[in-house]
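Since the structure comes first, as structure tokens, the remarks are kept for the end.
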Amino acid sequence: MTLEEWKSLFEQAMLAKIADIKSFRKLKILDVGVFPWNASIEISVFYVGDDSFDSCFEGDVASWPGYDFSGGAEGRWPEAESLCEAMNKDYETDTTSKGKYFQAVADVMKQSAIIDALNTKLLDDNFRVTILDPDDPDTDYM
């Protein structure tokens, strides 16, 4: 699978997951976790008010109530399975390839179809998308 094919399929998979985002809650952050070494992509959401939970911290994606709502590991995001496998296969042969997937996801998230789909949701004035490199927490590809 070429990177362009991967991006096209990821856009379709992402549109399917955006449709699952709650429309009645104000969305503050949409985080796209890219983990080629684990063959996974995790979509997490942080809504306004989530930080009122004692153990929820905006800067700690894994603490969010909407952490990995995509559920790829549980089979709830079948559209992403082949993408994760292709990404992992590429990473296993070239560990430097991870950066191209962070960038590919960022490129897709900037596409008009994605932006239009997100704009159908209730977004906070400071809404943002994050694509963080876990090896370099100061790097956000968005």
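- Between the side chain of E11 and the backbone N or O of S8, no donor-acceptor pair lies under 3.5 Å.
- Here F46 contributes atom CZ and L27 contributes atom CG; the two are 10.0 Å apart, rounded to the nearest 0.5 Å.
- One finds the CD1 atom of I131 at 8.5 Å from the CG atom of L30 (value rounded to the nearest 0.5 Å).
- Between Y141 and F102, the ring planes are parallel. Angles under 30° get that label, and only those over 60° would be called perpendicular.
- Using a 4.5 Å cut-off on side-chain heavy atoms (C-beta onward), M142 and L132 make no contact.
- Residues D20 and R76 are not paired through a salt bridge, judged by the lack of any N-O separation under 4.0 Å between the basic side chain and the carboxylate.
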#### Entry: Pair D94-S97, side-chain hydrogen bond (donor to acceptor under 3.5 Å, both in side chains): steps then yes or no
CA-CA 6 Å; D94 177 11; S97 70; 5.1 Å; no
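- Using a distance-only test at 3.5 Å, with no hydrogens or angles considered, a donor-acceptor pair links the side chain of S63 to the main chain of F57.
- In terms of hydrophobic clustering, with Ile, Leu, Val, Met, Phe, Trp and Tyr side chains grouped at heavy-atom distances under 4.5 Å, Y67 and V48 are assigned to different clusters.
- Scanning both residues, D124 and K26, for their nearest heavy atoms gives N-CG, 3.4 Å.
- The pair D140-R128 fails the salt-bridge criterion, with no side-chain N (NZ, NE, NH1 or NH2) lying under 4.0 Å from an Asp/Glu carboxylate O.
- Heavy-atom minimum distance, C84 versus I41: SG-N, 3.5 Å.
- Cluster annotation: V32 is not connected to I115 through the hydrophobic network of ILVMFWY side chains, with a link wherever side-chain heavy atoms come within less than 4.5 Å.
- Proximity of a side-chain donor or acceptor of D31 to a complementary backbone N or O of S44 within less than 3.5 Å is not detected.
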### Task
Could you walk me through whether K22 and Y47 pass side-chain contact (heavy atoms from CB on, under 4.5 Å), step by step?
CA-CA 9 Å; K22 296 175 183 174; Y47 295 101; 3.5 Å; yes
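- L9 and I18 fall within a single hydrophobic cluster, where Ile, Leu, Val, Met, Phe, Trp and Tyr side chains are chained together by heavy-atom contacts under 4.5 Å.
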### Task
With side-chain contact (heavy atoms from CB on, under 4.5 Å) as the test, would you mind laying out the steps for F127 and L118 before giving the verdict?
CA-CA 10 Å; F127 169 76; L118 286 169; 4.2 Å; yes
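- In this structure, G75 and E81 approach most closely via the heavy-atom pair CA-OE2, 4.2 Å.
- Classification of the W6-F10 ring pair by plane angle, with boundaries at 30° and 60°, yields parallel.
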### Query
So E42 and V61, side-chain contact (heavy atoms from CB on, under 4.5 Å) or not? Walk me through it.
CA-CA 10 Å; E42 298 174 351; V61 177; over 6 Å; no
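- Interatomic distance, I29 CD1 to N126 CG, rounded to the nearest 0.5 Å: 10.0 Å.
- Judged purely by atom type and a 3.5 angstrom limit, W77 uses its side chain to pair as donor or acceptor with the backbone of A13.
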### Query
Would D90 and K100 count as a salt bridge (charged side-chain N to carboxylate O under 4.0 Å, His left out) if you check the C-alpha gap in whole Å, the side-chain angles of each, and the deciding distance to 0.1 Å?
CA-CA 10 Å; D90 191 16; K100 79 178 179 183; 2.8 Å; yes
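- Taken to the nearest 0.5 Å, the CD1 atom of I114 stands 11.5 Å off from the CG atom of N119.
- The CD atom of E79 sits 11.0 Å away from atom CE of M14, with the distance rounded to the nearest 0.5 Å.
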### Task
Using the side-chain contact (heavy atoms from CB on, under 4.5 Å) rule, take K98 and D133 through it: C-alpha gap first, then chi angles, then the decisive distance, then the call.
CA-CA 9 Å; K98 74 173 188 167; D133 181 343; 3.3 Å; yes
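- A donor-acceptor pair is defined here as one N or O able to donate and one able to accept, closer than 3.5 Å; no such pair exists between the side chain of K7 and the backbone of V108.
- For K89, the NZ atom is loosely surrounded, since the number of other residues' heavy atoms within 6.0 Å does not exceed 12.
- Nearest approach of K17 to S70, heavy atoms of both residues: NZ-O, 3.5 Å.
- Judged by distance alone, the side chains of D107 and Q103 do bring a donor and an acceptor atom under 3.5 Å apart.
- In this structure, the side chains of F69 and I43 come closer than 4.5 Å at one or more pairs of heavy atoms.
- Scanning all heavy atoms of the two residues, the minimum distance from A117 to L15 falls at CB-CD2, 3.7 Å.
- Here NZ of K28 is found 10.0 Å from CH2 of W64. Values are rounded to the nearest 0.5 Å.
- If you check the side chains of N38 and S40, you find no donor sitting under 3.5 Å from an acceptor.
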